[in-house]
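None of these values were measured; they are calculated from a predicted model.
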Amino acid sequence: MKRVFALVDCNNFYASCERVFNPSLRSRPVVILSNNDGCIVARSAEAKALGIPFASPYYKVRALAERHNTAVFSSNYTLYADLSLRVMNVLRSFTPDVDVYSIDEAFLSLYKNGDMTGPGLAIKEKVYRWTGIPVSVGIACTRTLAKAAAHIAKRDSLMKGVLDLTSRADADELVSGIQVRDIWGIGPAYAAKLNSAGVYNAAQFIKLDPAWVKRNMTITGLRTQSELRGISCLEPAMVPAEKKAIVSSRSFGRQVRGLRELEQAVSTYAERSAEKLRRQKGLASLVTVFIMTNRFKDTPQYADSLSCELPEASCCTPVIIRCALALLRRLYREGYDYNKAGIMLSGIVRAGDAQLNLFMPEELRGSSRVMEAVDHVNRKFGTGTLFYASGGIDRPWSMRREMLSPAYTTRWEDIPLIRI
DNA sequence: TCTGGGGTCCTAGGACCC
DNA sequence: TCTGGGGTCCTAGGACCC
């Protein structure tokens, strides 16, 4: 039997998550804001129909949203991540071969057994019944075509959210009409380049000379073209790869001037990134800190970054905080209104593979046992139970989340009660 | 008049994804 | 007042080596 890919894509995922535990939202437009309540990052179908654009700053569409009784939420990643796990677990009941591609998408590897529309519908119905999340399913012989299939299925109401390209006589016609910008792997820059070469849809892109594609869109573009031609050439990512870089950064809830508050923020981000690093059992050898002013404002601008090699790769929070704060003090310039800061850990190696430093001062080595204890406490009693004082306590700079919904599934006080 | 060849490693920048 | 965050891959070009 032939292998095919099924892409399962959650519809308007964040908005759908908000609806699961709040049925009153089902008939209203719903939008979700980015961190700091800045931009629109997700919209329900009704919100899209109102013409609220993706990624637009909320204040620009606020009047429109309010006029139509739109429900607006701050991002609740705790909730979305938990519901995502539930969706993926349902998918694993169909095949162990589930390649989780993002928080709201996964590729399933299936054996083709006749028309796969039925199995596709079964997946969609089971996910909805078990989690409350609506999904679309695209089935094809390559991942890129499966993405295209899901894209078509979402827009054509006759398909009921499922399209199996491998069993459609009109598969080529269906795909050929897709605009190049909507092809997975073609972003705004390549789309503009293709358009100016007279290429607007998938059919035209498929017919392009591969040498031209490679020259103008690198090997990545060539792979996309081959995939659309039905030749599978993308690798699965079955095992979640260890990250090669870990970034923690945030815009502030308000402008920040003083070094003191920047130190708190950078220390807090350093703490978070070190936790992420330990979760993947890694050690970082390079620490980079960056700070910047608000580029949208007409005020004096400053942005810069500095890096520092650690004497020995480490995942120890105090070591990373100390290094990050030293960098920050060198970066800091007085008199600017800062808007954002961040830290990046790179040069990541596996714990155990690290090159040791014979001349490493003992006080810079840190203690893995203390870190284990801290992580254990925070896992058991909740993030932030134990934290470093250098991160501050009040944190007046922290991000705005004024419209946050409850953590319905991960915090005891927030679990919905049913009264009979 | 004439200025090697072949290789590695690193970084910055550009493209993409969600 | 108010404009997100966190990643990956690829290429070109420079530094450096023999």
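- Residues A:Tyr80 and A:Glu18 bring a donor and an acceptor atom of their side chains to less than 3.5 Å of each other.
- Here the CD1-CG distance, from A:Ile206 to A:Leu228, works out to 5.0 Å after rounding to the nearest 0.5 Å.
- Residue contacts for A:Lys276: at a heavy-atom cut-off of 4.0 Å it reaches the sugar-phosphate backbone alone, with no base atom in range.
- Under a cutoff of 6.0 Å and an axis angle of 45°, A:Lys340 and A:Phe252 do not form a cation-pi pair.
- No engagement by A:Leu33 is indicated, since no non-hydrogen atom pair under 4.0 Å with the nucleic acid exists.
- At least one donor-acceptor pair closer than 3.5 Å links the side chain of A:Arg28 to the backbone N or O of A:Asn69.
- Electrostatic pairing of A:Glu334 and A:Arg257 does not count as a salt bridge here, judged by no charged N lying under 4.0 Å from a carboxylate O.
- A gap of 24 Å separates the C1' atoms of B:dC2 and C:dC18, to the nearest Å.
- Contact annotation for A:Asp104: backbone-only contact, meaning every heavy-atom pair under 4.0 Å involves sugar-phosphate atoms and none involves a base.
- Counting any heavy atom pair closer than 4.0 Å across all strands shown, A:Phe296 reaches a base atom.
- Residues from residues 251-260 of chain A with heavy atoms under 4.0 angstrom of DNA chain C, sorted by number: A:Ser251, A:Gln255.
- Judged by distance alone, the side chains of A:Arg86 and A:Thr131 never bring a donor and an acceptor atom under 3.5 Å apart.
- For the pair A:Tyr58 and A:Ser249, nearest-nucleotide mapping onto DNA chain C gives the more 5' position to A:Tyr58.
- Contact annotation for A:Lys193: no contact, since no heavy-atom pair falls under 4.0 Å across all strands.
- Between the side chains of A:Asn11 and A:Ser136, at least one donor N or O sits under 3.5 Å from an acceptor N or O.
- Side-chain N/O atoms of A:Ser368 and A:Arg278 include no donor and acceptor closer than 3.5 Å.
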Watson-Crick and G-U pairing of DNA chain C written in dot-bracket, each distance under 3.5 angstrom, with | for inter-strand partners: ....||||||||||||||

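- There is no side-chain donor-acceptor pair under 3.5 Å between A:Ser232 and A:Thr142.
- Side-chain N/O atoms of A:Ser75 and A:Asn35 include no donor and acceptor closer than 3.5 Å.
- At a threshold of 4.0 angstrom between heavy atoms, the contacts of A:Ile183 are confined to the sugar-phosphate backbone, with no base atom among them.
- Remark: the A:Ser44 side chain and the A:Asn12 side chain contain no N/O donor-acceptor pair separated by less than 3.5 Å.
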Between A:Thr293 and A:Asn339, does a side chain to side chain donor-acceptor pair (under 3.5 Å) hold up when you go through it step by step? CA-CA 5 Å; A:Thr293 50; A:Asn339 169 60; over 6 Å; no

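- Residue A:Ile246 is classed as a sugar-phosphate contact, given heavy-atom separations below 4.0 Å to backbone atoms only.
- In this structure, A:Ile219 and A:Arg250 both approach DNA chain C, and ranking their closest nucleotides by distance from the 5' end singles out A:Arg250.
- Heavy atoms of A:Ala55 sit nowhere under 4.0 angstrom from any nucleic acid atom.
- Note on A:Asn36: nothing from the nucleic acid sits closer than 4.0 angstrom, heavy atoms only.
- In this structure, A:Arg401 reaches neither bases nor backbone, as no heavy-atom distance under 4.0 Å exists between it and the strands shown.
- A:Ser56 comes within contact range of no nucleotide atom at all, as no heavy-atom separation falls under 4.0 Å.
- If you check every strand for non-hydrogen atoms under 4.0 Å, A:Arg215 touches nothing.
- You can see that DNA chain B meets the heavy atoms of chain A within a 4.0 Å-exclusive cut from B:dA15 to B:dC18, reading 5' to 3'.
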